[in-house]
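Values below: every heavy atom of this structure, side chains too, minus hydrogens, waters and symmetry copies. We name chains A, B, ... by the order of the sequence lines, and we start the count at 1 in each one.
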Protein chains: 2
Amino acid sequence: MQKQYAVIGLGRFGSSIASTLFEAGNEVLGIDINEERVEEFKDCVTHAIVADSTEEEALKAIGIQDFDEVIVAIGNDIQSSILTVLVLKEMGIKKVIAKALSKRHGQVLQKLGADWVVFPERDMGERVAHHLMSPNVLDFIELAKDYSIEEVKVPISMVGKSLKELDLRAKFNLSVIAINSRGNIHISPHPDQMIKEDDVLVVIGRNEDLKRFANLK
Amino acid sequence: MQKQYAVIGLGRFGSSIASTLFEAGNEVLGIDINEERVEEFKDCVTHAIVADSTEEEALKAIGIQDFDEVIVAIGNDIQSSILTVLVLKEMGIKKVIAKALSKRHGQVLQKLGADWVVFPERDMGERVAHHLMSPNVLDFIELAKDYSIEEVKVPISMVGKSLKELDLRAKFNLSVIAINSRGNIHISPHPDQMIKEDDVLVVIGRNEDLKRFANLK
Ligand SMILES: Nc1ncnc2c1ncn2[C@@H]1O[C@H](COP(=O)(O)OP(=O)(O)OP(=O)(O)O)[C@@H](O)[C@H]1O
Ligand SMILES: Nc1ncnc2c1ncn2[C@@H]1O[C@H](COP(=O)(O)OP(=O)(O)OP(=O)(O)O)[C@@H](O)[C@H]1O
Ligand SMILES: [Ca+2]
Ligand SMILES: [Ca+2]
Ligand SMILES: [Ca+2]
Ligand SMILES: [Ca+2]
């Protein structure tokens, strides 16, 4: 199931995508206008090439048409990001993923046909802010507007009690999906299971109920 | 439960953190050396101030000691990022969260006492790469080294079948935690529940089993 990806722009975001795809066994072409960047990342991808992606001829010479998915991870040079997406979609690349710096930039990329626009700094900023507000929540998935799954460090007050005693269903309207006890995952844990120090509960429910639970001491 | 946060550096990452915290009702002080940035974000935070965070006197004049949590979201100017973390920890700020550009940069920040070092572009790059490799996986939580929860779009071949017929437990060793049917969340769904088009299954299990399931057509 390995695929061919091209990543244009080997900044922090682009190089992270490129090396993650490559380490998972995919064929990855890395492209950057900056020779030093290409040199730095040449061992983290299948091929690394110096080219200006705003030049259609250069992209053709590389054979970019043969790639099903191209990631445009150019940042500060908004004009180059826009031109590159335009050229790629005109060349008929099926799936173009592009990084945007601002809402306006993202709108332009979408109008030009970008298939997925990503705002890495904005999205990561939101994740970090959530974590600061709820330090006991290690990770979460937003399922719908008001439902989530959260991975929550148990408050000290719960240590030594069984799930039955805690009865999160009655008290918080939450279901316990799993317990992570120092790396051992117990799926659909038994009601008699005791909570230990450093246990992490995986719970599902409404955001308001999750918030009450995650703020317990 | 509202807290006081200071965010130093109102680039894309810092401004996203600041406005998310502020919109959730927290008191947020935004600081940037660049007057235009401060002007741009002054309505997205409680207060916005122009200051050079590498100058201890400037930080003292602002009253930064009164903040329990300070986020250092300075990017390209690595020297300023390092100096700022140093000054903040010397001033006794309890919790300093700092953005790092590279592994080396992160190590330095940690040695200087940063309480949490974040690599926004790298982490978001990894998330995007995962999504490209498994387009049916909308979101995921890594619970342990080899266990995850994934939100997976159902393959067309499953539409019109019941959970009992699919028997993901027997066939994939996966448990279905919930079904998201166009925004309606069914937690611990009944075995007779029918899979509809556009349904999203929330499943828990080993990464290898999840991968097999998420790659079904
Ligand atoms: N026309 C172009 N063709 C190819 N590469 C380009 C072009 N313009 C810019 N790049 C490259 O894109 C990369 C990312 O750009 P830049 O560093 O400005 O963005 P950034 O938003 O700071 O990135 P990040 O936050 O991911 O580090 C750089 O390595 C740059 O050389
Ligand atoms: N000494 C300093 N004091 C206060 N603010 C500073 C200082 N040095 C830099 N900044 C501010 O930090 C902000 C973020 O820095 P910069 O844009 O270089 O990083 P970046 O990694 O490209 O950020 P992002 O990717 O989040 O947009 C800028 O608005 C900059 O003015
Ligand atoms: Ca950046
Ligand atoms: Ca989601
Ligand atoms: Ca930058
Ligand atoms: Ca996790």
Under 4.5 Å from a heavy atom of chain A, the part of B:Lys145 involved:
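Answer is neither: B:Lys145 stays 4.5 Å or more from chain A.
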Under a 4.5 Å heavy-atom cut-off, does chain A meet the side chain of B:Ala178, its backbone, both or neither?
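Just the side chain, heavy atoms under 4.5 Å.
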Just checking [X]: does its [atom1] atom have more than 12 heavy atoms from other residues, nucleotides or ligands closer to it than 6.0 angstrom?
X: A:Lys211; atom1: NZ; result: no
X: B:His186; atom1: NE2; result: yes
X: B:Glu197; atom1: CD; result: no

With rounding to the nearest 0.5 angstrom, report the [atom1] to [atom2] distance, [X] to [Y].
X: A:Met133; Y: B:Lys3; atom1: CE; atom2: NZ; result: 9.5 Å
X: B:Ile185; Y: A:Arg206; atom1: CD1; atom2: CZ; result: 9.5 Å
X: B:Glu126; Y: A:Leu21; atom1: CD; atom2: CG; result: 11.0 Å
X: B:Thr20; Y: A:Asp123; atom1: OG1; atom2: CG; result: 9.5 Å
X: A:His131; Y: B:Ile97; atom1: NE2; atom2: CD1; result: 8.5 Å
X: B:Leu132; Y: A:Tyr5; atom1: CG; atom2: OH; result: 5.5 Å

Top residue by heavy-atom pair count (under 4.5 Å) with chain B, among A:Glu69, A:Arg127, A:Lys99, A:Lys95?
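Heavy-atom pair counts peak at A:Arg127.
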Which one of A:Val118, A:Val200, A:Ile177 has the most heavy-atom pairs closer than 4.5 Å to chain B?
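Going by pairs under 4.5 Å, I would pick A:Ile177.
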Heavy-atom closest pair, residues A:Ala144 and B:Gly183
CB-O, 3.9 Å
For the student: nearest non-hydrogen atoms of A:Trp116 and B:Val128, plus distance
CZ3-CG1, 3.8 Å
Are B:Leu143 and A:Glu151 side-chain neighbours, meaning at least one heavy-atom pair lies under 4.5 Å?
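Yes, side chains in contact.
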With the side chain counted from C-beta on, respond yes when B:Met124 and A:Met124 share a heavy-atom pair under 4.5 Å apart, and no when they do not.
yes
Looking at B:Ile71, B:Val202, B:Ile187, which one has more heavy-atom pairs under 4.5 Å with chain A than the rest?
B:Ile187
Quick one: which of B:Val7, B:Ile204, B:Asp146, B:Leu101 has the most heavy-atom pairs under 4.5 Å with chain A, could you say?
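Top count of heavy-atom pairs under 4.5 Å with chain A: B:Leu101.
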Can you list the steps and then say if A:Asn180 with B:Tyr147 is a side-chain contact (heavy atoms from CB on, under 4.5 Å)?
CA-CA 10 Å; A:Asn180 182 345; B:Tyr147 272 94; over 6 Å; no
Please name all residues satisfying side-chain contact (heavy atoms from CB on, under 4.5 Å) with A:Gln4, sequence neighbours left out, ordered by chain then number.
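Once residues adjacent in sequence are excluded, the partners of A:Gln4 under the side-chain contact (heavy atoms from CB on, under 4.5 Å) criterion are A:Glu27, A:Phe67.
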